[in-house]
Amino acid sequence: MSNVIAFVRDSLTSLVSRMGTDRDKAATTFYAHTVMSDEQLIAAYSTAWLPRKIVDIPALDACRKWRDWQAKKPQIEAIEEEEKRLNVKGRILEAAKKGRLFGGAAVYIGTGDADPMQPLEVDRIGKGGLRYLNVMTRRQLSAGEIDRNPESEWYGQPSYYKLSGANGLQVDIHPSRLVRFTGAMPADDEITGNPWQGWGDSVLQATLDAIKNADSTAGNIASLVFEAKIDIIRVPDFMANLGNEVYRSKILERYTLANMSKGINGTLLLDKEEEYETKSAQLSGLTDILMAFMQIVSGAADIPVTRLLGQSPAGMNSTGTSDMKNYHDRIQSMQELEVSPAMRRLDECIERSADVKDPDVHYRWAPLEQMSEKERADIFKTTADAARQLVGTGTGQEIIPREAVSDALVNRLVEDGVLPGLDAAMVTYGTLAEQEPSEEELAAAAAAANQNQPPANQRRAANDAAPRTLYVRRDVINRAEITAWAKEQGFADIVPDLHVTITYSKQPVDWFEMGESWSPRLEISAGGPRQMEALGQSGEYYALLITANELKWRHEAMIELGASWEWPEYQPHISIQIGGDIDLSKVTPYQGKIVLGPEIFEEVRED
């Protein structure tokens, strides 16, 4: 006879801790796989703000800044025009939102092919060959048989999708024609029994309990607010007389009138034998409790509270910068690891549809951080100062050739967007290497500089770094063109050394602290604002006013470094004639280009 050992569990329960009951506190340590139905997902998204934000915010942030194409300007314009025509940004945003909500959505790449079950051949798409983009969810697209061929590109994914159309019609679609968004990564479909095989899970699936707890807490707090103040009135023999119908109606009428007369701040009329008492609920700390639940929702959704709730961070010295930086890193990872691979074929189609077939064309996702104007200016100044350090002092000891630094700096400024239109201007005016002056122009500038040097006994040694007064100018190289114009306008005694003054500092400064210009040759293009004015205390200088940012920047930089300037403001100009009787109202300003030579440093001479 065999011995049988039986284990029997007692049925003791605890009324206080609810241990062993349906409300056992340890019940939440057990997990069960439950799949939210489409009706539940739609109801949560449509009627509650937290689920909607959790679905929408990451998708919106991934698309709102979009991407920057790296190519030639005509190519970029063609691609961006094609994206606008097809509403690529809007379609991707819609698919990303629906993919997060339902666990699956796709953008169908419409090329007008007769058989969508055939693989998409990108090489056959010509200009305008991409016709339309349509968004479909997993509710319309059911996955076909899973591809188990390890040599296949689509291993582990459906080998085709079946689109349910009107009148019961079904169309098979090859996966190469779809840009898929699968929401949260699914677990093993064979274990979980996912009814939507080939798709992922809704992002609300794992966050729903946290959302419900936060919503329930907010609802209970709202109910508590309405019950925060309760009036208690003790009536003699109240219970003994409740059986009397007349007494009950009198009681109701009595305290209805009492409440009406009391109002908010009015007087409450009571019988002498009645007792009145007010009890108020303690509401302090409820905000902290609610925010603790919101923090849990934030962690579950992987969205900072400042972004989820749209509020500023609380607490002393709290900025939320680190939270937002981590969040932006997460969005960037989602763009690079999820969105970009999903859009790879679509991007190839967009390029070919825009008639761009350059293999070097690519794009980068635009950063999400917003820079203020001051931050942009600081970055610009830091970058420019670093470039000056790299090129040295112009003595032939530069670390990197000036031309190389110039090209790299232009690329950096174009990418940072601190100088709008710089790329187009570089195409018009050329690079620094293309602007180098000819030997004839340099010789003419050197000859002009030698003619205006002070006597030898007034010059200091070049290696003397003691502070000195400073006069900086750029001589006009194309003097013949301006002289011809001046004579046509009636000027007779034209200034022999046409130049533009940059600095005239009677305050001694260290010349070597002033730095140097980017280029020994500055070309001011034809046209733009030009004006003739009489300058000087008695208007004896007839000058051509011009505009050139390079001249203003150099002037302002020297002033910041200690140089003085005796006039109210700096206006670049070329003095044409000193003295004479000229009616400037009849003079047409010179509109041709102006070519200036290198900066010439001299001490101030009172003559």
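Note: hydrogens, waters and symmetry copies are ignored here, and every other heavy atom, side chains too, is used.
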Can you tell me how far the CD1 atom of I125 sits from the NZ atom of K357, to the nearest 0.5 Å?
11.0 Å
pair K325-H328: side-chain heavy atoms closer than 4.5 Å
no
For the side chain of Q70 and the backbone of H362, is there at least one donor-acceptor N/O pair under 3.5 Å apart?
no
Passes side-chain contact (heavy atoms from CB on, under 4.5 Å), I79 versus V361? Steps please.
CA-CA 10 Å; I79 293 174; V361 172; 3.9 Å; yes
Would you confirm whether S353, through its side chain, and C349, through its main-chain N or O, come within 3.5 Å as a donor-acceptor pair?
no
Closest non-hydrogen atom pair, W49 against M294:
CZ2-CE, 3.9 Å
Ignoring hydrogens and geometry, is there a side-chain-to-backbone donor-acceptor pair from Q75 to K72 under 3.5 Å?
yes
Answer yes or no: are there more than 12 heavy-atom neighbours, outside R131 itself, under 6.0 Å from its atom CZ?
no
CA sep, side-chain torsions, deciding dist, call: E351, V122, side-chain contact (heavy atoms from CB on, under 4.5 Å):
CA-CA 10 Å; E351 291 178 27; V122 178; over 6 Å; no
Sub-3.5 Å donor-acceptor pair from the side chain of S152 to the main-chain atoms of R148, do we have one?
no
Backbone N/O of V305 and side chain of Q295: donor-acceptor pair under 3.5 Å
no
Can you tell me how far the CG atom of L133 sits from the CZ atom of R85, to the nearest 0.5 Å?
8.5 Å
Nearest 0.5 Å please: distance from the OG atom of S46 over to the CD atom of E39.
11.5 Å
Taking all non-hydrogen atoms of both residues, which atom of K552 and which atom of P572 are closest, and how far apart?
CE-CD, 4.1 Å
Side chains of K89 and E83, heavy atoms from C-beta outward: is any pair under 4.5 Å?
no
How would you list, by chain and number, every residue that makes a side-chain contact (heavy atoms from CB on, under 4.5 Å) with R139, sequence neighbours excluded?
D38, I42, F102, T137
Answer yes or no: is there a donor N or O on one side and an acceptor on the other, between the side chain of K127 and the main chain of D355, under 3.5 Å?
no
Is a side-chain donor or acceptor of S340 paired with a backbone partner of Q335 at a separation under 3.5 angstrom?
yes
Between I109 and S176, the two heavy atoms sitting closest are CD1-O, 4.3 Å
Lys/Arg-Asp/Glu bridge criterion (N-O < 4.0 Å) met for K84, E80
no
Look at atom CD of Q591 and say whether more than 12 heavy atoms of other residues, nucleotides or ligands are closer to it than 6.0 Å.
yes
Before accepting this row, confirm whether a basic side-chain N of the pair D61/R64 lies closer than 4.0 Å to the acidic partner's carboxylate O.
yes
Please verify the inter-ring angle class for W199 with Y161; under 30° counts as parallel, over 60° as perpendicular, anything in between as tilted.
tilted
Just how far is it from atom CD1 of I54 to atom OG of S298, taken to the nearest 0.5 Å?
9.0 Å
Scanning both residues in full, the closest heavy-atom pair of P58 with Y327 reads CA-OH, 3.8 Å
Within the supplied structure, the quantity of interest is the number of heavy atoms (other residues, nucleotides, ligands) at a distance under 6.0 Å from K593 NZ; does it exceed 12?
no
Could you grab the distance from atom CG of L290 to atom CD1 of I221, nearest 0.5 Å is fine?
4.5 Å
Indicate yes or no: does E94 engage R91 in a salt bridge with an N to O separation below 4.0 Å.
yes
Does this structure show an ion pair linking R100 with D56, if we count only N-O contacts that are shorter than 4.0 Å?
no
Salt-bridged, D113 to R177, with N to O below 4.0 Å?
yes
Closest non-hydrogen atom pair between Q40 and V35, with its separation:
OE1-O, 4.3 Å
If you compare all heavy atoms of D68 against all heavy atoms of A366, which two are closest, and at what distance to 0.1 Å?
OD2-CB, 3.7 Å
Which of E338, E336, E153 passes salt bridge (charged side-chain N to carboxylate O under 4.0 Å, His left out) with R344? It is E153
For atom NZ of K53, is the number of surrounding heavy atoms from other residues, nucleotides or ligands below 6.0 Å larger than 12?
yes
Could you tell me whether the side chain of S159 and the main chain of E145 form a donor-acceptor pair under 3.5 Å?
yes
Validation row: M117, Y160 side chains within 4.5 angstrom (heavy atoms):
yes
Do R67 and M343 have side-chain heavy atoms sitting under 4.5 Å apart?
yes
Report the residues that fulfil ring pair (Phe, Tyr, Trp, His ring centres under 6.0 Å) with W69, sequence neighbours left out, ordered by chain and then residue number.
Y363
Is the shortest side-chain heavy-atom distance between T111 and E121 below 4.5 Å?
no
Any non-hydrogen side-chain atom of I92 less than 4.5 Å from a side-chain atom of V107?
yes
Indicate yes or no: at least one non-hydrogen side-chain atom of N213 is less than 4.5 angstrom from one of I296.
no
Say you draw a straight line from CD1 of I524 to CD1 of I594; how long is it, rounded to the nearest 0.5 Å?
5.0 Å
Are more than 12 heavy atoms from other residues, nucleotides or ligands located less than 6.0 Å from atom NZ of K162?
yes
Could you go through L308 and L50, starting from their C-alpha distance and side-chain angles, then the distance that decides it, and tell me whether this counts as side-chain contact (heavy atoms from CB on, under 4.5 Å)?
CA-CA 8 Å; L308 183 64; L50 267 177; 4.1 Å; yes
Does I303 reach the side chain of V297, with side-chain heavy atoms less than 4.5 Å apart?
no
Checking R352 side chain against L130 main chain: does a donor-acceptor pair fall under 3.5 Å?
no
Using side-chain contact (heavy atoms from CB on, under 4.5 Å), reason through H174 and L120 one step at a time and then give a plain yes or no.
CA-CA 8 Å; H174 193 271; L120 177 62; over 6 Å; no
